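Counting starts at 1 for both ligands and their atoms, following the listed order. Note that the structure is predicted; figures quoted are calculated from it, not measured.
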Amino acid sequence: MTEFVNDANFKELVMDTSIENRNDEGPMTLENFTKLMVQFYDLGWMRGSGGAMGCISGNELMISPSALQKERIEKQDVFVYDISQKTEVQRPANKRIAVSSCSVLFSLIMKETGSECVIHTHSKSANFITQLIKGDTFEISHQEYIKGIYDPFSGKALKYSDTLTIPIIENMPSESQLLEPIRGVLENHPQAIAVLVRNHGLFVWGPTWESTKIMTECIDYLLELAIEMEKMSIPLVKEGGFEKEDNLSEKMRTLLFSGVASV
Ligand SMILES: CSCCC(=O)C(=O)COP(=O)(O)O
Ligand SMILES: [Zn+2]
């Protein structure tokens, strides 16, 4: 792999300084980054060194290292890049350790969507649902956790009765070969905030690290639920709306992603 600082999408990545007053808990730090990797491992998302995360914090882009046990990485193991200067700020001392093989996917997604965080998981449900659903999209409606999903078109959360659509792409021998299929997803599904990779896992992106983490948790729950529903032949998408409930949740929908410009 060529140096990530020469990656075409990283070279074109610019910070959107127009977005202020995000509904964040705080900027991503190296300490927080490594703590999150432990949490993701404990959730079964990053076993066997699988999974990865990329996150923009201020003018820096942090990316997890490749092939290390993700729950054991320390602050000095995280790759850090300066976005304006296009330079490497920090890397592990051991030169044999490379940046995540997902880094080129993260820079593409960040550049195309304006997202500040991408989380890649290997949860069993993300894998299993793609074997139950043979088509190229996962869809679910009328679920409470759909309200935890950001809609880039409105800049608000989706409604309970909305249909969440997650495109499914085929797995490839290497992560970098997912670049073109993911580019296709971004072009053909501009409203998408996630993609499932068949027999592999899930990528989720969002305006902040907090919203991306929350969405990944909501989606993982919905995938787990959908597996059980599929087994019992319960339809994932229901007809008809719940207008009263949706109106009541309008304030909540705005609050959840307030201050976040649509990407
Ligand atoms: C054993 S995991 C194979 C690679 C993969 O799918 C993954 O998510 C981890 O990639 P990384 O280069 O970040 O370790
Ligand atoms: Zn993977």
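- In this structure, a donor-acceptor pair under 3.5 Å is present between the side chains of D7 and S107.
- Not one N, O or S atom of C102 sits under 2.8 Å from the Zn ion (ligand 2).
- For the residue pair N32 / T29, no side-chain donor-acceptor distance below 3.5 Å is found, with atom types taken as modelled.
- Between E175 and ligand 1, at least one N/O pair is under 3.5 Å apart.
- In summary, the atoms of ligand 1 found under 4.0 Å from a heavy atom of H200, numbered by their order in the structure, are 6 (O).
- Side-chain atoms of T163 and E139 form no donor-acceptor pair, as typed in the model, at a separation below 3.5 Å.
- Nearest protein heavy-atom contact of atom 3 (C) of ligand 1 is H122 CE1, 4.5 Å.
- The aromatic rings of F203 and H120 sit parallel to each other, their planes meeting at less than 30°, with 60° as the upper class boundary.
- The atoms of ligand 1 that sit less than 4.0 Å from any heavy atom of K70 are 9 (C), 11 (P), 13 (O), 14 (O).
- Atom NE2 is the N, O or S atom of H120 at the shortest distance from the Zn ion (ligand 2).
- Looking at S103 and S100, their side chains never bring a donor and an acceptor atom within 3.5 Å of each other.
- Applying the 4.0 Å criterion to heavy atoms of S101 picks out, from ligand 1, the atoms 10 (O), 11 (P), 12 (O), 13 (O).
- Every atom of ligand 1 with a heavy atom of H120 under 4.0 Å away is listed here by number and element: 8 (O).
- No salt bridge links E187 with R183; every basic N to acidic carboxylate O contact stays at or beyond 4.0 Å.
- The S49 neighbourhood of ligand 1 comprises atoms 1 (C), 9 (C), 14 (O), with distances under 4.0 Å to a heavy atom of that residue.
- In terms of protein heavy atoms, atom 1 (C) of ligand 1 is closest to G48 O, 3.5 Å.
- A donor-acceptor contact closer than 3.5 angstrom is absent between the side chains of E60 and S57.
- With the Zn ion (ligand 2) as the vertex, NE2 (H200) and NE2 (H122) define an angle of 90°, rounded to 10°.
- Counting the atoms of ligand 1 from 1 in the order shown, those under 4.0 Å from a heavy atom of S100 are 11 (P), 12 (O), 13 (O).
- Nearest to atom 9 (C) of ligand 1 by heavy atom, out of G51, A67, A52, is G51.
- Here the shortest heavy-atom pairing between L222 and F138 reads O-CZ, 4.3 Å.
- A cation-pi arrangement is not found for K70 relative to F40, the charged atom failing to lie both closer than 6.0 Å to the ring centre and inside a 45° cone about the ring normal.
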